[in-house]
Amino acid sequence: MGKKTKMALGALAAIGGLYAASGLYVIDETEQAVVTQLGRPTRIIVGSENPGHIDEERIERIETWARNYERSQGYEVGSIEVIGGAGIRWRLAGFNSVHQLPDTNLRYNANPEEVQTKDKRQLLIDNYAIWEVENPLLYYNKVNNVATAKVRLEDIIYSVLRVEIGKYNLHEIIRTESNSIETIEGEIPLDQTLLYGRENILKDVLRKVNEGTTGEDGEYIPGARGLGINVLDVSLIRAELLKANQEAVFNRMSAERQKIADLFQAQGTAEDRRVRAETDRRAAEISSVAETEALTIRGEADAEATRLYVEAMAENPEFFQFWQTLKAYEAAFGSGNTTVVMDAGSEFNKFLSMFGMLDGEPEEGQ
Amino acid sequence: MDEEFVVTPKVILAGLGIVTAAGLGLGGFFSSYYSIPTGSVGVETRFGQYRQTTNPGPHFKAPFGIDKVEEISLERVHVIYVGLRPEDTDREGNVTDWLNWGESEEMLHESQMLTADENIAQVTGVVQYYITDPLAWTFNNDDPEAIVKDATDAAFRQVIGDHGIDEALTIGKENIQYEMRRMLQALIDDYDIGVNISNVLLQDVDPPAAVAGAFSNVQTQKELSQAKINLALAYRNSRLTEVEGEAKAKIQDAEGYRATRVNTALGDIAQFRALLEQYENAPESTALKLYLETMEEIYPHLDKFIIDGSLGGDSLDDALRLQMLKILEED
């Protein structure tokens, strides 16, 4: 072999090596992919929930779908290979192109939009959705990139939300499960009974977003599944009343507060009166009980004294009477200037005459 | 002849080779060595495929971008704000100034929530969480922090939507915080983000500015009413204390009366018995003596006219009658 031939072979080998190396590609754990050969899909690389592992069940599901797809497109059955797993792979550069697609939960946060409830309340609604690429090839064919996917999702989600929210009164959208609330006056039942509630409404929204539904004007809204997308959740971030509705709410809130303020005032007055009246009653009661007890004690004292006197009298009634009368004189006349005119024959003066006092001249006062 | 160092193409090639090898060696070392600090883990991938999770300490991986490592802290507390944002922090990282709903249209909308009794409340709060599953955090979600924020806004509204305005403003805060945490954790678990919600703290919950006056009026009336009741209670205490004092005094007086009455009686009777003994020995003289003593005691105080009805007018001196009348007239 000549030197030139050698060099040519070496160069060829080098070029071949470079070409082969340029066919290497990496699929991240957060990615899945569609590989096409001159535009025709030849391979689907599906992601897995479990990093470092392959989701066999999902591969099988996509494989079944791929077989139908091949038939519908007139491709040779089995021409699309379905595999799983992240890592480094090789393709024939120039013939095969790799389209990486996300294999994570994606977040879509919509711009606020106006919707109307069944009871004609205007709401400004802001929602978010969590979604994932369920079928890489379908997704690749229908939307291809995340930005387009978000626009399509926004259309679907708002169409469904508008229909579903329009079916219910405002309270069904605000509340999830409560039928009574605590207030400063205690627990009270709410005016409107909850029939369905926010969570159930959002579950319906989610189902219809995925599966498709009939819109307000009767046209069919295709679901996200038809785009190879699975929506995991649709949640309301905001549900805000518009200005005009807000005014009404503020007026009602003010009126309710006024009612509560009046109630406090009335309660204060009533309680004040009650406490004072109760106090006066209680005071009168204490006073009269004490009065009764004092009288009882005095009565007992009198009875006891009388009993003692009676006991003593029994020892010599005549002398007792005499002695008592003397004491009574002393008490009656013992102090102050008293002018008395009395009948000498009275019981009181019995002893005055006893010693013949009235027989002679009365003594001169000293 | 000494060997001469001649720069030939061969030597250049050899030099380049050595430099390249050294460069590759050093580059290889530095792109394969890494260390994970305490409280964190390293998530290693090889060509994008998850390989292993490494613990704190020094580690080697395949160089030149073959293996990549992402360091995830399991201790760092992530914070989410609802209806307010920190505007200024001091050197220790404490927030010194908040952007709140009165100052920002965005915060006004973010904090505005409808209650179960169809009132509007301005709710602000802080949520704290930390990563518990580094793989879920790294691989499962496109933008986990934004998802947690959205889920927080949704959970706050759903819980407030099941409670009345009074609960949100005052009486139900604890309960609401607890429900928010539970609901948010459930949402986060559904999305498989690998996060634990450690705290949901409601900050200020206020009525909207348009009705703030009406709400503060309630507070004023409540306080006025309480003040009135307190005055009444004070009246009750002083009045009852007074009356109870009076009642005790009355009973004490009566007890005093009892003691005096009985003791007087006992004294009298003791005296009586003493006299009786004398009387029984000498009735006539004792009686006379007692009588005279008494008269002595009382006579000085008396202007006395005693008429013996049994005597006729002739027995009584007319002059005496006249004198008596005179004296009576003088009085």
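Letters A, B, ... are given to chains in the order of the sequence lines, protein chains preceding strands, and every chain is numbered from 1.
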Would you mind checking which part of Ser288(A) comes under 4.5 Å of any heavy atom in chain B, side chain (CB onward), backbone (N, CA, C, O), both or neither?
neither
Assess the side chains of Gln258(A) and Asp262(A): does a donor N or O sit below 3.5 Å from an acceptor N or O?
yes
Pick from Ser180(A), Gly85(A), Ser254(A): which one has the most heavy-atom pairs with chain B under 4.5 Å?
Ser254(A)
Taking all non-hydrogen atoms of both residues, which atom of Ile173(A) and which atom of Leu236(A) are closest, and how far apart?
CG2-CD1, 4.1 Å
Note: vs chain A, highest number of non-hydrogen pairs under 4.5 angstrom among Gln252(B), Lys248(B), Glu244(B) is Glu244(B)
Checking heavy atoms, do the side chain of Arg252(A), its backbone, both or neither come under 4.5 Å from chain B?
side chain
Can you tell me which portion of Ile193(B) sits under 4.5 Å from chain A's heavy atoms? Options are side chain, backbone, both or neither.
neither
Residue part contacting chain B, namely of Asp103(A), when any heavy atom lies under 4.5 Å
backbone
Determine whether more than 12 heavy atoms belonging to other residues, nucleotides or ligands lie under 6.0 Å from atom NZ of Lys173(B).
yes
Where on Tyr25(A) is there a heavy atom nearer than 4.5 Å to chain B: the side chain, the backbone, both, or neither?
neither
Any donor-acceptor N/O pair, Asp142(B) side chain to Thr104(A) backbone, under 3.5 Å
no
Cut-off 4.5 Å, heavy atoms of chain A, and the answer for Ile171(B) is side chain
Contact part of Glu291(A) toward chain B, heavy-atom cut-off under 4.5 Å: side chain, backbone, both or neither?
both
Options Lys250(B), Arg239(B), Lys222(B), ranked by heavy-atom pairs under 4.5 Å with chain A, top entry:
Lys222(B)
Taking Ile130(A), Thr30(A), Thr296(A) one by one, which has the highest count of heavy-atom pairs under 4.5 Å against chain B?
Ile130(A)
Could you tell me which of Asp190(B), Val43(B), Asp153(B), Leu169(B) has the largest number of non-hydrogen atom pairs under 4.5 Å with chain A?
Asp153(B)
Among Gln265(A), Glu271(A), Met253(A), which residue has the highest count of heavy-atom pairs closer than 4.5 Å to chain B?
Met253(A)
With no hydrogens and no angle check, do the side chains of Ser48(A) and Asn50(A) hold a donor and an acceptor under 3.5 Å apart?
no
Scanning both residues in full, the closest heavy-atom pair of Pro208(B) with Ile120(B) reads CD-O, 3.0 Å
Which region of Thr260(B), side chain (C-beta onward) or backbone (N, CA, C, O), has a non-hydrogen atom less than 4.5 Å from a non-hydrogen atom of chain A, or is it both or neither?
neither
Is the distance between the ring centroids of Phe319(A) and Phe272(B) less than 6.0 Å?
yes
Counting heavy-atom pairs under 4.5 Å with chain A, the top scorer among Val159(B), Asp268(B), Ile229(B), Asn237(B) is Asp268(B)
Region of Leu187(B) in contact with chain A, defined by heavy-atom distances below 4.5 Å
side chain
Whatever's closer than 4.5 Å to a heavy atom in chain A on Asn230(B) counts as neither
Selection from Asp150(B), Ile269(B), Asp192(B) maximising heavy-atom pairs under 4.5 Å formed with chain A:
Asp150(B)
Contacting moiety of Arg51(B), where chain A heavy atoms sit under 4.5 Å
neither
Counting heavy-atom pairs under 4.5 Å with chain B, the top scorer among Gly87(A), Ala266(A), Ala294(A), Gly47(A) is Gly87(A)
Counting only heavy atoms closer than 4.5 Å, note whether Ile27(A) contacts chain B via side chain, backbone, both or neither.
backbone
Counting only non-hydrogen atoms closer than 4.5 Å, does Glu278(A) touch chain B with its backbone (N, CA, C, O), its side chain (CB onward), both, or neither?
side chain
Interface moiety of Leu232(A) toward chain B, non-hydrogen atoms closer than 4.5 Å:
neither
Where on Glu177(A) is there a heavy atom nearer than 4.5 Å to chain B: the side chain, the backbone, both, or neither?
both
Would you check if the side chain of Asp119(A) reaches a backbone N or O of Leu170(A) as a donor-acceptor pair within less than 3.5 Å?
yes
Which bit of Pro51(A) is near chain B, if near means a heavy-atom gap under 4.5 Å: side chain, backbone, both or neither?
both
Side chain / backbone / both / neither for Ala151(B) at chain A, heavy atoms under 4.5 Å:
both
Under 4.5 Å to a heavy atom of chain B? For Glu31(A) that would be neither
Return the CD1 to CD distance between Ile174(A) and Glu118(B), rounded to the nearest 0.5 Å.
4.5 Å
Quick check on Phe250(A) against chain B: is it the side chain, the backbone, both or neither that has a heavy atom closer than 4.5 Å?
both
May I ask you to check if Arg107(A) and Tyr128(A) form a cation-pi contact, with NZ or CZ under 6.0 angstrom from the six-membered ring centre and within 45° of the axis?
no
Given Ala86(A), Ala255(A), Ala284(A), the one with more heavy-atom pairs under 4.5 angstrom with chain B than any other is Ala86(A)
Contact class of Arg198(A) relative to chain B, heavy atoms under 4.5 angstrom
side chain
Between Gln246(A), Glu240(A), Glu247(A), Glu304(A), who has the most heavy-atom pairs with chain B when the cutoff is under 4.5 Å?
Glu240(A)
Passes side-chain hydrogen bond (donor to acceptor under 3.5 Å, both in side chains), Asn140(B) versus Asn105(A)? Steps please.
CA-CA 6 Å; Asn140(B) 285 2; Asn105(A) 291 341; over 6 Å; no
Which atoms of Asp253(B) are under 4.5 Å from chain A, going by heavy atoms: the side chain, the backbone, both sets, or neither?
both
Part of Glu280(B) lying under 4.5 Å from any heavy atom of chain A
side chain
Quick one: what part of Thr220(B) sits under 4.5 Å from any heavy atom of chain A, side chain, backbone, both or neither?
neither
With chain A, the option among Ala146(B), Gly164(B), Ala210(B), Ala247(B) that has the most non-hydrogen atom pairs under 4.5 Å is Ala146(B)
